[in-house]
Amino acid sequence: MQHTVSFGVGNELVVSADGPVRIVRLNRPDHLNGANRSMHQALARVWDHLVADPQARAVVVTGAGTAFSAGGDFDYMQENIDDEAMRAQTIAEGRAIIRGMVRCPLPVIAAVNGPAVGLGCSIAVLCDLVLMSEDSFLADPHLRMGLVPGDGGMVWPALVGLSRAKEYLFLGSRIPPEKAVEFGLASRVVAPEQLMPEAMALAYRLAQVPSKALQRTKTALNEYLEAQVDGAFESALTGELDSMGSDEHREAVAKARIKK
């Protein structure tokens with residue numbers, strides 16, 4: 001029986017407990033779970049809460065409604081353009097999201113139920129295991145928006161190789177689920193109606209593995225990413241901060257908001 005866990009992270013990010021499994025649900029379905037300021041702040045804080053939960057053994061991250069996450073909300077992007085202090089805070093939160101996910105000792109499964117774009121794509125591929133619905137895809141169009149992909153794009157080379165990472169980050173092309181598995185960005189493709197049951201079954205299997213040994217193993221494996229936290233990730237975050245105030249980004253957001 002699932003019940004909501006009160007981590008104080010707001011309504012845009014809902015955490016529920018199912019035995020030893022914690023389900024983190026991006027919860028702005030009417031906006032395709034695009035991240036506004038409140039959701040972004042919640043994503044920065046939730047990992048510490050999960051680690052501090054003594055009963056938690058595994059985590060599933062998914063989206064409410066038909067999307068995993070469409071990425072950054074365009075209105076939130078405009079707020080950042082208009083407010084230099086907010087830009088700095090947003091990047092600090094992005095840094096907390098990356099470090100929180102890389103350093104979270106609990107195994108984290110992404111149940112990608114629909115499009116995972118931009119920040120949504122970053123959240124998905126920073127998870128340990130990625131299950132993708134047949135209806136989903138991955139894409140990171142930061143550069144199309146005049147932004148450096150600072151909030152997770154630097155994990156791509158470790159997963160797909162440097163050349164392929166450059167191609168898909170430079171162009172922002174969609175990666176369908178079968179290609180995501182082939183490239184190493186996802187573990188398996190699942191029928192939509194089976195996505196959450198399979199994710200939960202996998203989470204329960206992980207919850208039964210001796211927890212200290214599993215957590216130390218994950219920490220050791222993530223040293224490959226940890227080595228880049230102060231390198232590639234930090235360089236990209238600094239670049240994203242600079243690009244958030246650029247004319248290229250301002251023009252791209254203006255066009256996107258008109259189309260919206």
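All residue numbers refer to positions in the sequence shown, counting from 1.
For the atom pair CD of E198 and CD of E193, the computed distance is 10.0 Å after rounding to the nearest 0.5 Å. Put simply, CG on D83 and CZ on R37 are 7.0 Å apart, with the number rounded to the nearest 0.5 Å. Of the inter-residue distances, the one linking L43 atom CG with E93 atom CD reads 9.5 Å to the nearest 0.5 angstrom. To the nearest 0.5 Å, atom CD1 of residue I123 and atom CD1 of residue I97 are 5.0 Å apart. With values rounded to the nearest 0.5 angstrom, D140 atom CG is found 6.0 Å from W156 atom CH2. Residue L143 holds its CG atom at 12.0 Å from NE2 of H249, rounded to the nearest 0.5 Å.
The two residues M86 and Y76 come nearest to each other via the heavy atoms SD-CE1, 4.2 Å. In plain terms, the two heavy atoms of L119 and A35 that are nearest each other are CD2-CB, 3.6 Å. Between A165 and P157 the shortest heavy-atom distance is CB-N, 3.8 Å. In this structure, M132 and A186 approach most closely via the heavy-atom pair SD-CB, 3.6 Å. Across all non-hydrogen atoms, the minimal contact from A111 to V60 is CB-CG1, 4.1 Å. Contact record, S133 with P177: O-CG, 3.6 Å, taken as the closest heavy-atom pair.
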Q: Go through M200 and I23 one step at a time and tell me if the side chain to side chain contact (heavy atoms under 4.5 Å, CB included) criterion holds.
A: CA-CA 9 Å; M200 292 299 296; I23 304 163; 3.8 Å; yes
Q: Please assess R95 against E234 for the test side chain to side chain contact (heavy atoms under 4.5 Å, CB included), listing each intermediate value before the final yes or no.
A: CA-CA 8 Å; R95 186 176 292 112; E234 189 59 33; 2.9 Å; yes
(Q) Run L26 and L13 through side chain to side chain contact (heavy atoms under 4.5 Å, CB included) and show every step you take. (A) CA-CA 5 Å; L26 306 172; L13 196 70; 3.3 Å; yes
Q: Kindly determine whether D82 and R250 satisfy side chain to side chain contact (heavy atoms under 4.5 Å, CB included), including the steps that lead there.
A: CA-CA 9 Å; D82 296 336; R250 185 183 298 274; 4.1 Å; yes
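Panel note: side chain S243, backbone V148; a donor-acceptor pair is recorded below 3.5 Å. Without hydrogens or angle criteria, N27 side chain to A64 main chain gives no donor-acceptor distance under 3.5 Å. Put simply, the side chain of K218 gets close to the backbone of C104: a donor and an acceptor are under 3.5 Å apart. A donor-acceptor pair is defined here as one N or O able to donate and one able to accept, closer than 3.5 Å; such a pair exists between the side chain of R87 and the backbone of I81. The backbone N or O of L106 lies less than 3.5 Å from no partner atom in the side chain of R57, so there is not a single donor-acceptor pair. Between the side chain of N113 and the backbone N or O of P192 there is no donor-acceptor pair closer than 3.5 Å. In this structure, the side chain of D73 does not engage the main chain of G34 through any donor-acceptor pair within 3.5 Å. Side-chain N or O atoms of S235 include none that pairs as donor or acceptor with a backbone N or O of A232 at under 3.5 Å. Using a distance-only test at 3.5 Å, with no hydrogens or angles considered, a donor-acceptor pair links the side chain of N33 to the main chain of R28. Without hydrogens or angle criteria, D128 side chain to V108 main chain gives a donor-acceptor distance under 3.5 Å.
Clustering ILVMFWY residues whenever any of their side-chain heavy atoms sit less than 4.5 angstrom apart, transitively, puts V21 in a cluster other than the one holding V24. Note on I91 and V155: same hydrophobic cluster, where clusters join Ile, Leu, Val, Met, Phe, Trp and Tyr whose side-chain heavy atoms are under 4.5 Å apart, directly or indirectly. Following chains of ILVMFWY side-chain contacts shorter than 4.5 Å, one cannot reach V117 starting from V125, and the two form parts of different hydrophobic clusters. There is no path of hydrophobic side-chain contacts, each under 4.5 Å, that joins V14 to M196. Grouping the Ile, Leu, Val, Met, Phe, Trp and Tyr side chains by contacts below 4.5 angstrom, directly or via other members, places L126 with V229.
We find that E167 and R164 are not joined by a salt bridge, their nearest charged nitrogen and carboxylate oxygen being 4.0 Å or further apart. At a threshold of 4.0 Å, the pair R99-D230 counts as salt-bridged, since one of the basic side-chain nitrogens sits closer than that to a carboxylate oxygen.
V51 places none of its side-chain heavy atoms less than 4.5 Å from the side chain of R103. Side chains of L202 and R188 form a contact here, defined as non-hydrogen atoms less than 4.5 Å apart. Side-chain contact between M154 and L237: absent, with no pair of heavy atoms (C-beta onward) separated by less than 4.5 Å. Counting heavy atoms from C-beta on, the side chains of M145 and V253 come closer than 4.5 Å. Looking at V61 and R22, their side chains never come closer than 4.5 Å, going by heavy atoms from C-beta outward. Looking only at side-chain heavy atoms (C-beta outward), P115 and L32 stay at 4.5 Å or farther from each other. Side-chain contact between L206 and I109: present, with at least one pair of heavy atoms (C-beta onward) separated by less than 4.5 Å. M101 has its side chain within reach of C127: a pair of non-hydrogen atoms, C-beta onward, lies under 4.5 Å apart.
Few gaps surround CD on E182; more than 12 heavy atoms of other groups in view lie less than 6.0 Å from it.
Partner of L131 under the side-chain contact (heavy atoms from CB on, under 4.5 Å) criterion, out of V181, L195, V112, T62: L195 alone.
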